[in-house]
Asks: 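Before I ask anything, here is the structure I am working with.
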Number of protein chains: 2
Amino acid sequence: MIASPPGPAPATYPVPHGAEQGGVVSRVTLQTIADQVGVSRMTVSNAFSRPDQLSAEMRRTILAAAADLGYVGPDPSARALARGTTGAVGVLLTESLGTAFLDPIAAAFFGAVAEELAPTGLAVVLLPSTSSEGMIPARDIPMDGALVYGCAGDYPAVDWLVKRRLPLVFVDGEPVAEASSVLLDERHGARLGAQHLLDLGHTRIGIFTMNSTEPPGWAPDPASAGSGFVARERQIGWVETLRAAGVTPVVMEVHDNAEPYVSEGARALLDGPDRPTAVLCFSDLMAAAVVHAAEELGLRVPDDLSVVGFDDSPLARRLRPALTTVHQDFAAKGKAAAAALTSSIARFRAGAAPEPEEHRILVDLVVRDSTAPPRPA
Amino acid sequence: MIASPPGPAPATYPVPHGAEQGGVVSRVTLQTIADQVGVSRMTVSNAFSRPDQLSAEMRRTILAAAADLGYVGPDPSARALARGTTGAVGVLLTESLGTAFLDPIAAAFFGAVAEELAPTGLAVVLLPSTSSEGMIPARDIPMDGALVYGCAGDYPAVDWLVKRRLPLVFVDGEPVAEASSVLLDERHGARLGAQHLLDLGHTRIGIFTMNSTEPPGWAPDPASAGSGFVARERQIGWVETLRAAGVTPVVMEVHDNAEPYVSEGARALLDGPDRPTAVLCFSDLMAAAVVHAAEELGLRVPDDLSVVGFDDSPLARRLRPALTTVHQDFAAKGKAAAAALTSSIARFRAGAAPEPEEHRILVDLVVRDSTAPPRPA
DNA sequence: CCGGGTTACTTTATCGGTACAGAAGGAATC
DNA sequence: GATTCCTTCTGTACCGATAAAGTAACCCGG
């Protein structure tokens, strides 16, 4: 043990202000301030949270003392417990988060939601669907409600949210009972794309879609291809429309919407014996891959091959040739989701019964330069 | 009032289970379960949070009773208060959230962080920098630490985070003292781009960058153009390198990195009397705008105009011609940020002094098809 | 049959707030 | 001059958990 140097006791370090006591920094709470000012703890609480409950002068005194002590504001966790609200809502994404944000659609939607929610004072928590070391975010993170984006209802994380009886809104996925939903008119969009190709005169049509449950490759049965709510809906729209015209499409499925996976599928789709003259794609990303593959095979788009995307992501306009695609309005989707959620939360707080709303976002076809009549054989 | 039907009392609605009491659903807590099973509340808590503290059999009994009562798990807010940790970390973005996620760089980074953090059991909260109706997320949201992305240090939200003495990590922005930081080697990247153009023989070089504080247009002084930490760093790298070769660039500034703003600037840059033969751009998005503007003016890239981007976003490879750009590794950036934050939080919990780390992410030049020697005049 | 080490629970003391029902004092009302 | 009404604080009672220390029973070797 080293003896203290002689002389006066060494000054305590200038930790924030006050609050240090014999070396141990005891935390500053409402009580600390109350003691210092000589009022009750409740009055200090009111100074921060309900200014109308005390005189302006007292409030100033308290706030000054608080600032002096380095007090920032009521502890968020404690407040959440006492008030029963947290000021945050969750967003659950099915996919791995890393890849979800590579998808401009998901990212834009997410941004739109956050933006729309900001003025209401709600922050957005991104919920990993993977649980780890005993922590299950969907079960363990404090929140006032949640958005479920593109998830199958049977997902375990969704289950936790439901069990917690949180106000929920389902976006781009099959909603569970009692919860609001925001959906695109997927089938209609798909129909528009298919009809466009039929109108141009195509009869050998390929579909390039997503199926994470089957091995990638040709789908044996066009009618039942695609996995997940969205892929299935679009598939129905496509097949329905094509069948009505007597056209049976060939269907190529890949596991994932993202780059490493789609290139191979795109090439396989175009490299077959009876190459389609037009392709309907699940997404713009996949359409881009098809265009790319076509280029590599020496095919010209749209002369040798027409390509239709889905989503109208920023990419679609930038691609050469600019992509014909089904346009969806992310901002509107985000806005609708945010609104549905806040109203759902408001009802919940008021103790009212949930009143599921169902928003359907309109889509339309944007014809650009990637589609044309088939070349006469 | 409608009289109840005769006969036995109507069955209570099958609300979760138990818990209803004269119409009022009193919430199920640890105590409810404890009473039901006949053990202390603490034992129930342990059944959920510390399984090694009780017998397997008792645990099963308790969990069964809990499930029966519709109890999901310890209340997150209460747990956060008692434990002093919340299981969430904030991410603060300067820009409006809606536009931030239109930027693939920011989105990819965000995704990488969330992904990297997921295994540690931490969820990510997106903090709007705008405060509203008395709610200031940076001050009022429960969290264990935060990432500050691309923000100037003088931002009010940053101030709150600092005042709260949360473990912080600054990414792509000027760090404050005592906090870790993750930065790109911006200057080096800029130098590589500039040197590449010089090596190709360009001497009339334009810079197309971002400045949100000055009105858009030509910057009077190349040396001091650009606003924000990143833009400034890149500017320094560019100007330094060009000056060493005796080249003085012309500099066009726009307010924002995103689409509606950049097109006009790009056109102005190429429409001047003494058009540059090559342009260094602040981002790939801006480079895409320049390529676009060139096309519209009937200029061919790279024959009539060389264009260098920055970031190597997914867009760069997809653009035609594929973009020469400075590559940064988002995944690595996200990983580094996540790691710095978790270690910072760990130190904080251990009561240790903060130990600022500084990570520098390497960048390199990817030469693709958008750059070539200038055409002989 | 006793001390030492487990195992399985229980007790006590917070964590840091907020809601709501008073209470005290002065002003306004009749 | 008593009644009522504000305004401005205070007291009490939670919110729903966890940490750490305490206690009782049990097991085991000596």
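By convention in this document, chain letters (A, B, ...) are assigned in the order of the sequence lines, proteins followed by strands, and residues within each chain are numbered from 1.
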Asks: Would you say the base of D:dA17 and the side-chain of B:Arg41 have a donor-acceptor pair closer than 3.5 Å?
Replies: yes
Asks: When we call it a touch if two heavy atoms are under 4.0 Å apart, what does A:Ser77 touch: a base, just sugar-phosphate, or nothing?
Replies: nothing
Asks: Reckon B:Thr43 touches a base, only the sugar-phosphate, or nothing at all at heavy-atom distances under 4.0 Å?
Replies: base
Asks: Between B:Asn46 and A:Ser49, which is nearer to the 5' end of DNA chain C once each is assigned its nearest nucleotide?
Replies: B:Asn46
Asks: Establish, with yes or no, whether the OP1 or OP2 oxygen of C:dG16 is under 4.0 angstrom from a side-chain nitrogen or oxygen of A:Arg27.
Replies: yes
Asks: Any Lys/Arg nitrogen of A:Glu178 or A:Arg165 sitting under 4.0 Å from an Asp/Glu carboxylate oxygen of the other?
Replies: no
Asks: Among the nucleotides D:dC15, D:dT8, C:dA8, which one has an atom lying closest to any side-chain atom of A:Ala82?
Replies: D:dC15
Asks: Do B:Tyr149 and B:Phe170 have their ring centres less than 6.0 Å from each other?
Replies: no
Asks: Are the charged groups of B:Asp144 and B:Arg349 less than 4.0 angstrom apart, N to O?
Replies: yes
Asks: Base, sugar-phosphate or nothing for B:Tyr71? Non-hydrogen atoms, less than 4.0 Å.
Replies: sugar-phosphate
Asks: Which sits closer to the 5' end of DNA chain C, B:Ala78 or B:Gly38, going by the nucleotide each is nearest to?
Replies: B:Gly38
Asks: Between C:dG16, D:dT18, D:dC9, which one does the side chain of A:Leu54 approach most closely?
Replies: D:dC9
